[in-house]
Amino acid sequence: MIDLKYLQNNFDEASARLSKKGVAPEILGNLKELFASLKDANSTFETKRAEQNRLSKLFGEYKQKGLDTNEIKAELDSLKAELSKLQDDARIANEDLESLSLVIPNFPDENVPDGADEDDNIELKKVLRPKEFGFEPKEHWDLGVANEWIDFERGVKLAKSRFSVLKGQGARLERALINFFLDTNAKAGFEEFNLPLMNNSNMLLGTGQLPKFEEDLFKIDNEDLYLIPTAEVPLTNLYNDEIIDSSSLPILMTAYTPCFRKEAGSAGRDTRGMIRQHQFDKVEMVAIAHPESSDEIFDMMVENASNLLTQLGLPHRLVLLCGGDLGFGASKTVDIEVWLPGQNKYREISSISNTRDFQARRAKIRYKEDGKNSFVHTLNGSALAAGRTLIAIMENYQQEDGTIAIPEALKSYL
RNA sequence: GGACAGUUGGGUGAGUUGGCUGAAACCACAUCCCUGCUAAGGAUGCGUACGGGAAACUGUACCGAGGGUUCGAAUCCCUCACUGUCCGCCA
């Protein structure tokens, strides 16, 4: 959630910043008005309520002393009627404000480039050079089936399309990757967690998946529970509604979880292969940071994720997302894209974002410093998406005879 | 799934014949004093959010959530959620 006081006091600046994300100024104008009318409604209500409290107390005292209370009673009766309406007004104003403010995206950082979509993203750097194959490199779905690492048909039989089965060496390799990621993250200072894979709606609201993106989530029938689309949700919300002593910051966390996504808006995209699945394995990093150090931690997280690919010998590049491609809650995002020789292109394998205080406001995560409470900054990033890393290994380490070599860094894990 | 009990501030835990309790007491924590040796004693402070005020301070809301009764509810009533214990079932 954006800072509504800031919006109110710096409207032009705020709306210029949000236009980068394609938010129309009129919508922000509405938001500002709703905020003003909530304050109005509250203050009217509070004044009357104070009066009621005062008279009510007096009423009690009169009763005790056996004085005549008729006059006070009459006043209180009329106040009561008034208050019930004022309270409704305030409640409605609050609901209106909330329903709009929760679907307004976060401000992009100043240095986020303008742009509409991924074509306007900026490549920051390339790491490792794609190797030359002396033959035509195959795509992972061919390699996966030929080596009996992936069984697409049976995945569909068990569930539906966009589900697959890993088997034998493929399954072992993915498990090795997960362990390698977790161990490496731990060395970088991230504490490991094992988390509920279903979270309630308030948690999804906290990290920003709800209310706007409900159609992307798998919901459990008759329960206030959703399958998590990323470990960012439970990790960040570990501190939901908590106040952290500033001396404990930053808090660095990592977790392996399966992730579940409906991919509602992706019909027809990546239908073949294992790139875009309803369920996939991912190791996530989350940081809860002091606002002053969140940029530094962001860079460290990008470095850490990139380093994982480097250790695996996988060529990749870092991309700074433009305003139009930036996610709902992010103020800044660097994507890491791994080279897939079979597809002959770079594909996203990690996305590291600083949401600044956007999620912290929704999830009420604060830190206490010198007796004062302020919102923390929250950051998240994949390190890494295990399924896509497996794909990258298959395509980059394929050999002319169709078999797949094992990266040196993983050998101790197999 | 069945039965009973419970849900109060960072923790333990009073308050359940409705108003003097946003909340005792104790612990923890912070600052200070005393004192001195790895202890003890004393003083003060110490929930969150929003609003007013330069500040001191002050108004409103919050005692699991929502609704009701009442001039007034942590305290009475209803619904729901969660937790604990016992039983059943189970990896």
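Reminder, nothing fancy here: chain letters follow the sequence lines and each chain counts from 1. What's counted below: heavy atoms across the whole structure, side chains too, no hydrogens, waters or symmetry copies.
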With a 3.5 angstrom cut-off on both distances, give the Watson-Crick or G-U wobble partner of [N], or none if there isn't one.
{"N": "B/A23", "value": "none"}
{"N": "B/C62", "value": "B/G47"}
{"N": "B/U38", "value": "none"}
{"N": "B/A81", "value": "B/U7"}

Rounding to the closest angstrom, what is the interatomic distance between [N] and [M] at atom [atom1]?
{"N": "B/A74", "M": "B/U16", "atom1": "C1'", "result": "9 Å"}
{"N": "B/U7", "M": "B/C77", "atom1": "P", "result": "14 Å"}
{"N": "B/U44", "M": "B/A24", "atom1": "P", "result": "15 Å"}
{"N": "B/G15", "M": "B/G22", "atom1": "C1'", "result": "13 Å"}
{"N": "B/U60", "M": "B/A73", "atom1": "P", "result": "13 Å"}
{"N": "B/G47", "M": "B/U21", "atom1": "C1'", "result": "15 Å"}
{"N": "B/G36", "M": "B/U75", "atom1": "C1'", "result": "50 Å"}
{"N": "B/A23", "M": "B/G10", "atom1": "P", "result": "14 Å"}

Sugar-phosphate, base or nothing in reach of A/Leu55, heavy atoms under 4.0 Å: nothing

Touch class at under 4.0 angstrom, heavy-atom based, for A/Asp77 against every strand present: sugar-phosphate

Carboxylate-amine/guanidinium proximity below 4.0 Å for A/Arg366 and A/Asp241: yes

Whole angstroms only, please: what is the [atom1]-[atom2] distance between [X] and [N]?
{"X": "A/Asn53", "N": "B/U70", "atom1": "CG", "atom2": "C1'", "value": "14 Å"}
{"X": "A/Gln52", "N": "B/U70", "atom1": "CD", "atom2": "P", "value": "13 Å"}
{"X": "A/Lys368", "N": "B/C29", "atom1": "NZ", "atom2": "P", "value": "16 Å"}
{"X": "A/Asn202", "N": "B/G66", "atom1": "CG", "atom2": "P", "value": "12 Å"}
{"X": "A/Leu76", "N": "B/U69", "atom1": "CG", "atom2": "P", "value": "16 Å"}
{"X": "A/Met1", "N": "B/A49", "atom1": "CE", "atom2": "P", "value": "13 Å"}
{"X": "A/Glu242", "N": "B/G47", "atom1": "CD", "atom2": "P", "value": "18 Å"}
{"X": "A/Leu67", "N": "B/C71", "atom1": "CG", "atom2": "P", "value": "19 Å"}

Counting only side-chain heavy atoms from C-beta out, which of [options] sits nearest to [X]?
{"X": "A/Phe59", "options": "B/A49, B/U60, B/C71", "value": "B/C71"}
{"X": "A/Lys39", "options": "B/G51, B/A49, B/U60", "value": "B/G51"}
{"X": "A/Lys80", "options": "B/C71, B/A49, B/U60", "value": "B/C71"}
{"X": "A/Ser56", "options": "B/U48, B/G72, B/G59", "value": "B/G72"}

Closest-nucleotide ordering on RNA chain B, the 5'-leading residue of A/Phe35 and A/Lys73: A/Phe35

Whichever of A/Glu223 and A/Arg54 has its nearest RNA chain B nucleotide further upstream toward 5': A/Arg54

Axial cation check for A/Phe11 ring with A/Lys32, 6.0 Å and 45° limits: yes

A/Phe107 six-ring centre to A/Arg17 NZ/CZ under 6.0 Å and within 45° of normal: yes

B/G59 base / A/Glu46 side chain donor-acceptor hit below 3.5 Å: yes

Under 4.0 Å from OP1 or OP2 of [N]: is there any side-chain N or O of [X] that close?
{"X": "A/Arg49", "N": "B/A61", "value": "yes"}
{"X": "A/Arg366", "N": "B/A49", "value": "yes"}
{"X": "A/Lys63", "N": "B/U70", "value": "no"}

Sub-4.5 Å side-chain heavy-atom contact between A/Asn185 and A/Leu308: yes

A/Tyr367 ring center near A/His290 ring center (under 6.0 Å): yes

Worked check of side chain to side chain contact (heavy atoms under 4.5 Å, CB included) between A/Glu337 and A/His316: CA-CA 5 Å; A/Glu337 299 179 345; A/His316 56 284; over 6 Å; no

Separation between CD1 of A/Ile336 and CD1 of A/Ile349, rounded to the nearest 0.5 Å: 8.5 Å

